[in-house]
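Worksheet: one structure, shown below.
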Amino acid sequence: MPFLARRLARLAVLLVALIALPFAGGSASAQDISAPLAKLATDSYADTGAAIAELAASGHPRAAAIVQAIQDGKLEFDAASHAVVIRGAASVVDAATGAAIATPPAGLSPVRVNNRVRTALAAAVGSLTLMSPDPVKRREAADAVFKSRDAATLPILEAAIAKEGDARIRLALQVARAAVILTKPEASDDARVEAAATIKERGDQEAVSLLRSLPEGSAKRVKDAAEAAAKSIETNLALWSSAQNALYGISLGSVLLLAAIGLAITFGVMGIINMAHGEMVMIGAYTTFVVQEVIRAHAPGLFDWSLTIALPLAFLTSGAVGVLIERTVIRWLYGRPLETLLATWGISLILQQSVRSIFGANNREVGAPSFMSGSLDIGHLSITWGRMWIVVFALSVFVGLILILKKTPAGLQMRAVTQNRAMAAAMGIRTPFVDALTFGLGCGIAGIAGVALSQIDNVSPNLGQSYIIDSFMVVVFGGVGNLWGTLVGALTLGVVNKFLEPFAGAVLGKILVLIFIILFIQKRPRGLFALKGRAVES
Amino acid sequence: MIGHFLVKGLDRGVAITLLVVLAIGVLIPASNLLLPEGHALHVPTYLLTLFGKYATYATLALALDLVWGYCGILSLGHGAFFALGGYAMGMYLMRQIGSRGVYGNPILPDFMVFLNWKELPWYWHGFDHFGFALVMVVLAPGLLAFVFGWFAFRSRVTGVYLSIITQALTYALLLAFFRNDMGFGGNNGLTDFKDIVGYNVQSAGTRATLFFLSCLLVAVGLLVTSAIVKSKLGKVLIAIRDAESRTRFIGYRVATFKTVVFTVSAMLAGLAGALYVPQVGIINPGEFAPANSIEAVIWVAVGGRGTLVGAIVGAVAVNWGKTWFTGALPELWLFALGGLFVLVTLFLPKGIVGTWSAWTAKRRAARDAAPAAAE
Amino acid sequence: MTTDIAANAQLYLDDVRVSFDGFKALRGLSLTIEPGEMRAIIGPNGAGKTTMMDVITGKTRPDSGEVLFEGGSVDLTRLDEAAIAELGIGRKFQKPTVFESHTVEDNVYLALKADRGPLATLFHRLNAEEARRIDEILATVKLGDRRHELAANLSHGQKQWLEIGMLLAQEPKLLLVDEPVAGMTDAETMETAALLRRIHDSGKSVVVVEHDMAFVRELGVKVTVLHEGGVLSEGSIDHVAADPRVIEVYLGR
Ligand SMILES: Nc1ncnc2c1ncn2[C@@H]1O[C@H](COP(=O)(O)OP(=O)(O)O)[C@@H](O)[C@H]1O
Ligand SMILES: [Mg+2]
């Protein structure tokens, strides 16, 4: 049966080509579709099939609509007047012009379809779309031919290639044609070798499988050429996939960086073990949720701005909570890191439960503004815009933080207090104030991290828990007290994780990374970028 | 030698606690078994199991207090040793099910049949023998603690760094045990146990015995840890806690001592886990959750770290509170627990027992001073 | 020739260099202590005195140089702190560190020369000989009447003495004493000097680091002046005090 169908399709296409040939000059008569329309009104399957082929070859702007209508069973004809119409939902239009018909003929009946007609329809749709004015459709059609490798489409392909203006689509068409030729035993060896080279241009896994599935009995020359092309694609693909892994790794690394960067201040710079750090991130995420709720209710037009609005609010909310924690609990525990650890763990439980009581235990929906949807494709690389923005955002936060610490008076005071509290106090710096400020800054940054992470993670009361261990690992791995260490640590761990994943799977990869860090800390207890000196020993 | 060593552990507080724990260990099962259901002093079975669970927690707290209270090692991963002991026992219990499982496979536990495994993984061999399982109950956690301690303490990872990597350790194990292909039942863990050394785990007699054994473990654990901390080795541990580098300069190998005590503590935790599993009837990866380990830390803090009796008191008190809260005011439990962490560290750093003994010591000193002044 | 000197020395340091993140704390320090010798080491703050002790006791690994003990037979740079302590080098820190939550008595007990292994300490029983040694040492450092008190309750000076007592309990061959009289009254200072002399007279080698010139004079031994991580001058106290370089960098400030 498929054989028969293919024969028929080929016949039809041949016919098309024959008919299309005289019109190749692109004359106005190409627009004339009255002949095929007349055939559609004869109620004979053979005529219908021929009509479809003629329509496909005509390039007439109405051709696609008519063929589609047949497929949908909406094309009707009046045996008496030979009028052919398309039945819409509300009205009936003239098939040839698309104009509405006020009083449709009474004896309309649908153009009937059998399997042969269906095959003709499929071929027609394929070739119509190859010529479609819509470039996306043309591209899809080219890919469809690449997959079907239907030799019958060759003539249309040739025509389409000749007509095609868009270089990328032309390439797709040429690749499709090469695919047909390569798998066609009766094509000449030269043509097939050339086809292999063309297919190489496609450069993806499908091209490789095509190149590896030559028909039996192909000449060695052809086989070699195909294998060489496949090899070259594979090498190329391996490179791309490493690059893609690196990109995913950087994306994960920037998430880690965001989560850890606030901790790099509270733990790294101040030496405070804040186990509630993850909850600061969570508060930032919930702030985003609240902001979006308010916007949805009162100013839906501002939705694209919701994250921008949430950023300062999240910073302030988390920062304020941080200052509150510092003033009420942590300041009594300076110099007792283990106690600080326990107390802040307690705080983290309280914050989680508070959020659970207020917002419920379920995940909350945080939407993405339009500029964050879709994905960015470069060559074979692909990354969603959401992830891409997070990378950019994480790096900006990092740079911003460095600038604050290095260039502002407040940053100077923070560093002074953390390096030598007594001396700083003697110089008139209000150390308790600076402590609260520094801690607030670390927590505030965790809050804005929460805004970004709300885009890629579930906003739930447990959000923070999933980041706390990772964040500590990053800071400890990078070297406590060193922001650059945190940056390098986060990116390294992210990339290593993503490169492990293809071999080990996500969970095992994560376990391996954890074990790696545990071993690493034992080799270099002070992390990658260790601070030395007496200060760290006490 | 051992006798003298143990006797030294017996001070008044320890002796009283031993008696109380053993008395509970006998009286509660007796009341459960012997008194009729309606009797005022009858302890219902669910309470027996609950108290049995507390007893294993108390042992875990003892183990944790030994390393944290006396040697300054704040382990945030002791739950892992508890869980490993539990898994070792769980593996024994699984193999005891034999062909009574849903799939009726005489060798393979149900989950393995479900995963289409054809034969028992090598590390499941031997667990059909109770003795072997018992050895693994202490060996598995002990070995992990030894290897981990060996690396960590020799590289002088201390303080919060150590705490954080112990947390990472239990977290890594959590992730690992969640995986089906680890061969420990994945997400669901090990459950549906039938019998233990030939007795039905559900039967009243078995439950009573398990309860008694749990109390006995608390008592023995208390006696041994107390003997350890009162020995010269215990004094070295405290010296390490207070001034690690000084201890090193008078010639003690700090890393060795830490590794030893960490390993011993892990083994004790493993034993506790082994008694926990048959009583609650299940062991799953959730036991590795970092939150569990840190909750055990708060038991010790509440009771009073550096006082062994305190560890027991704290474990029972906090868990009693948890049972009550989760029954009466479930939403408030995390507030209460969180508040406990904050308040104890801020206002009760010595814990209940520590504060109590400081107070009585002061009163005694005042009483002694008064007659002296009168003379 | 150096080997000759090393072969006869209790402690032998040659060309020892230590740097911290590029800062050179010791730059080619050489020093020889004879068996049974007492030596005073002086030098301005930051001269590298404490770092020198860190190197000898295994706390800090030198970047280069030799540190030999017992007639050159032992290379100290290869050993850890505990091994060095067991060899017979005792150290008193600049900042007194005693075990605050142990009693005075237990502090000495822990320091007593004995098997330091975990098993041995676990089953250790205090014997009569040890009890006698503890009494003796507590008497020497005048803490006998406070033996049952927690070390945390001692005064600063008493902690210094307790630490010296712990040093004695270790029965070391070489004592390194870092600023033993810091924060002591004059009377205490003189008593400490006498104590150290007595320890020296019992046949031990002693290295004392000190700022206090009166104290150094009181010790009456050979003096080494350190400056910027190297030896500036060596000789009797009067000799070094007259050395113009010493006057310039240290005494003449
Ligand atoms: N661990 C260290 N890290 C960084 N610098 C150090 C360290 N130890 C000592 N130093 C520096 O080396 C120099 C010598 O110090 P130290 O030996 O303590 O001098 P002294 O005891 O003679 O006063 C000082 O400038 C000190 O800051
Ligand atoms: Mg010094």
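Letters go in sequence order (proteins before strands), and every chain restarts at 1.
In terms of heavy-atom pairs under 4.5 Å with chain B, the best-connected choice from C/Ala169, C/Ala85, C/Ala82 is C/Ala82. Your options are C/Glu163, C/Lys113, C/Met166, and the one with the most heavy-atom pairs under 4.5 Å with chain B is C/Glu163. Of all the listed residues (B/Val261, B/Ile228, B/Thr247), the one sharing the greatest number of non-hydrogen pairs under 4.5 Å with chain C is B/Thr247.
Using a 4.5 Å heavy-atom threshold, the side chains of C/Arg116 and B/Ile250 count as touching. A 4.5 Å side-chain heavy-atom check between B/Phe249 and C/Thr97 finds every atom pair outside the cut-off. Two residues are said to be in side-chain contact when any heavy atoms from C-beta on lie closer than 4.5 Å; B/Ser231 and C/Thr121 fail this criterion.
Counting heavy atoms of neighbouring residues, nucleotides and ligands inside a 6.0 Å radius, atom NZ of C/Lys204 exceeds 12 of them. For B/Lys230, the NZ atom is densely surrounded, since the number of other residues' heavy atoms within 6.0 Å is greater than 12. Annotation for C/Arg132: atom CZ counts as buried by contact number, over 12 foreign heavy atoms lying within 6.0 Å. The 12-atom threshold is not exceeded at CZ of C/Arg78, counting heavy atoms of other residues, nucleotides or ligands nearer than 6.0 Å.
Checked options C/Leu122, C/Leu110, C/Asp106, C/Leu126; the residue passing with B/Lys232 is C/Leu110 (criterion: side chain to side chain contact (heavy atoms under 4.5 Å, CB included)).
Distance check, rounded to the nearest 0.5 Å: CZ of B/Arg248 to CD of C/Glu81 gives 5.0 Å. Atom CZ of B/Arg246 sits about 11.5 Å away from atom NZ of C/Lys95, to the nearest 0.5 Å. Note that the OG atom of C/Ser101 and the CD1 atom of B/Ile238 stand 6.0 Å from one another [nearest 0.5 Å].
Residue contact with chain B, scored on non-hydrogen atoms closer than 4.5 Å, involves the backbone and the side chain of C/Ala83 alike. Of the atoms belonging to C/Tyr109, heavy atoms from both backbone and side chain fall under 4.5 Å from chain B. Contact annotation for B/Val260: only side-chain heavy atoms (C-beta onward) come within less than 4.5 Å of a heavy atom of chain C.
The pair B/Arg253-C/Asp80 counts as a salt bridge, with a side-chain nitrogen and a carboxylate oxygen less than 4.0 angstrom apart.
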